[in-house]
Amino acid sequence: MNLVVNGNDVNIPDSVQTVLALLNHFQLENKIVIVEINHSIINKSLYEETNISDGDHIEIVHFVGGG
Amino acid sequence: MLNIGPHKFQSRLLLGTGKYPNMEIQKKAVETSATEVLTFAVRRMNIFHANQPNFLEKLDLKKYKLLPNTAGAKTAAEAVRIARLARASGLCDMIKVEVIGCDKTLLPDPIETLKASEILLEEGFIVLPYTSDDVVLARKLEELGCHAVMPCASPIGSGQGIINPLNLQFIIEHASVPIIVDAGVGGPADAALAMELGADGVLLNTAVSSAKNPVKMAKAMKQAVEAGRLGYEAGRISKKQYAMASSPGEGMSQSE
């Protein structure tokens with residue numbers, strides 16, 4: 001499956017079907033992140049049941065140092 | 001005690017988390033400052049390097065309230081999006097609305113700041129807009145319902161200190177929500193002056209993070225904010241044109 005994640009074209013195995021699986025794929029499952037798919041923010045409690053699809057534009061953001 | 005919306009803080013120093021030499025120094029500086037509010041920016045994760053250390057993950061989040069900013073936004077819509085992302089973390093309800101209108105001065109866009117603040121207030125955020133030292137704009141932000149207003153002392157990161165104390169004083173005197181002087185503070189004297197003018201708090205970043213010794217500067221800023229606040233509460237004497245002797249004029253011993 002082809003996705004655009006944070007502006008990068010990435011190809012991930014078809015077995016990765018949910019947001020949670022995607023976070024696991026990138027080893028982000030224990031990080032404090034926020035996920036947006038095609039401009040919709042995904043509630044944390046729905047990561048396991050939210051499916052991702054070929055062509056999705058996904059943003060994975062986090063908190064960094066700033067003033 | 002500093003009250004912002006439902007939150008109560010002992011410390012009146014709010015600290016940014018950008019540009020520290022390393023996380024060890026940053027951790028010590030944050031602890032030394034005794035701050036209870038830390039600002040953060042929201043940025044893309046480097047998905048190919050998930051193991052990069054992140055300061056937020058090193059913090060005891062029970063000890064600090066997060067104040068994410070909308071830095072990077074140039075429009076109200078962009079600021080609102082960043083604020084929503086920040087809140088979706090489940091870690092915060094406050095937002096520092098920061099909409100930059102000029103790349104060179106990093107001064108805020110007043111119209112977009114006002115628009116973003118209005119939308120975010122409707123959505124239930126605790127809204128703290130970063131603004132210029134414009135007196136009328138500060139009042140309008142308060143009238144919208146902002147929980148605090150954060151005028152800059154001088155441009156972000158410039159370290160120029162308070163370049164218009166008169167405007168800041170007007171803003172402070174007219175406001176009934178907390179006024180937090182945000183940006184431009186260079187040294188402890190600037191922070192103390194802001195507090196002496198009656199500001200409810202000071203938010204700074206570069207002055208500590210880029211000091212030669214950030215940990216020592218964190219301590220200096222903590223004490224400056226406390227001293228300035230005490231001075232404000234104690235009531236400063238008015239300025240007079242001529243001298244006033246501190247010692248009595250009478251009772252001088254004469255040798256004849």
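Predicted, not measured: the structure shown is a model, and the values here were computed from it. Naming: A, B, ... by sequence-line order, numbering from 1 per chain.
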Distance-only donor-acceptor screen, chain B against chain A, under 3.5 angstrom:
| residue | atom | partner | partner atom | Å |
| --- | --- | --- | --- | --- |
| B/Thr17 | N | A/Gly66 | O | 2.9 |
| B/Thr17 | OG1 | A/Gly66 | N | 3.0 |
| B/Thr17 | OG1 | A/Gly66 | O | 3.4 |
| B/Thr39 | OG1 | A/Gly66 | O | 2.7 |
| B/Ala41 | N | A/Val64 | O | 2.8 |
| B/Ala41 | O | A/Val64 | N | 2.8 |
| B/Arg43 | N | A/His62 | O | 3.0 |
| B/Arg43 | O | A/His62 | N | 2.8 |
| B/Arg44 | NE | A/Glu59 | OE1 | 2.9 |
| B/Arg44 | NE | A/Glu59 | OE2 | 3.4 |
| B/Arg44 | NH1 | A/Asn6 | O | 3.2 |
| B/Arg44 | NH2 | A/Glu59 | OE2 | 2.8 |
| B/Met45 | N | A/Ile60 | O | 2.8 |
| B/Met45 | O | A/Asn6 | ND2 | 2.8 |
| B/Ala50 | O | A/Lys31 | NZ | 3.0 |
| B/Gln52 | O | A/Lys31 | NZ | 3.4 |
| B/Asn54 | ND2 | A/His62 | ND1 | 3.3 |
| B/Asn54 | ND2 | A/Phe63 | O | 2.8 |
| B/Glu57 | OE1 | A/Lys31 | NZ | 3.4 |
| B/Asn69 | ND2 | A/Gly67 | O | 2.5 |
| B/Arg81 | NE | A/Glu36 | OE1 | 3.4 |
| B/Arg81 | NE | A/Glu36 | OE2 | 2.9 |
| B/Arg81 | NH2 | A/Glu36 | OE1 | 2.7 |
| B/Lys96 | NZ | A/Gly67 | O | 3.4 |

Subject >> CG-CD1 distance between B/Leu204 and B/Ile180, expressed to the nearest 0.5 angstrom >> reply: 11.5 Å
**OP:** Please state whether the side chain, the backbone, both or neither of B/Ala88 comes within less than 4.5 Å of a heavy atom of chain A.
**Re:** both
**OP:** Could you tell me which portion of A/Val5 (side chain, backbone, both or neither) has an atom closer than 4.5 angstrom to a non-hydrogen atom of chain B?
**Re:** both
**OP:** Go through the structure and list residues passing side-chain hydrogen bond (donor to acceptor under 3.5 Å, both in side chains) with B/Lys219, not counting sequence neighbours.
**Re:** none
Subject >> A/Ile41 versus chain B, the contacting section by heavy-atom distance below 4.5 Å >> reply: side chain
**OP:** Against chain A, label B/Leu14 side chain, backbone, both or neither, depending on which of its atoms sit under 4.5 Å from a heavy atom there.
**Re:** neither
Original post:
What pairs with B/Pro110 under side chain to side chain contact (heavy atoms under 4.5 Å, CB included), at least two apart in sequence or on another chain?
Top reply: B/Leu137
**OP:** State, to 0.1 Å, how close B/Leu203 and B/Gly16 come at their nearest heavy-atom pair, and which atoms those are.
**Re:** CD2-N, 4.3 Å
Subject >> Interchain contact, A/Val10 with chain B, by part (heavy-atom threshold 4.5 Å) >> reply: side chain
Subject >> Over all atoms of both residues, closest heavy-atom pair of B/Ala191 and B/Val185 >> reply: N-CG1, 4.1 Å
Original post:
Where do B/His147 and B/Ile126 come nearest, in terms of heavy atoms and distance?
Top reply: ND1-CA, 3.5 Å
Subject >> Partner set under side chain to side chain contact (heavy atoms under 4.5 Å, CB included) for B/Ala76, not counting sequence neighbours >> reply: B/Glu112, B/Lys115, B/Ala116
Subject >> Contacting region of B/Ala183 [heavy-atom separation from chain A under 4.5 Å] >> reply: neither
Subject >> Atom pair CG/CZ of B/Leu2 and B/Arg12 - distance to nearest 0.5 Å >> reply: 5.5 Å
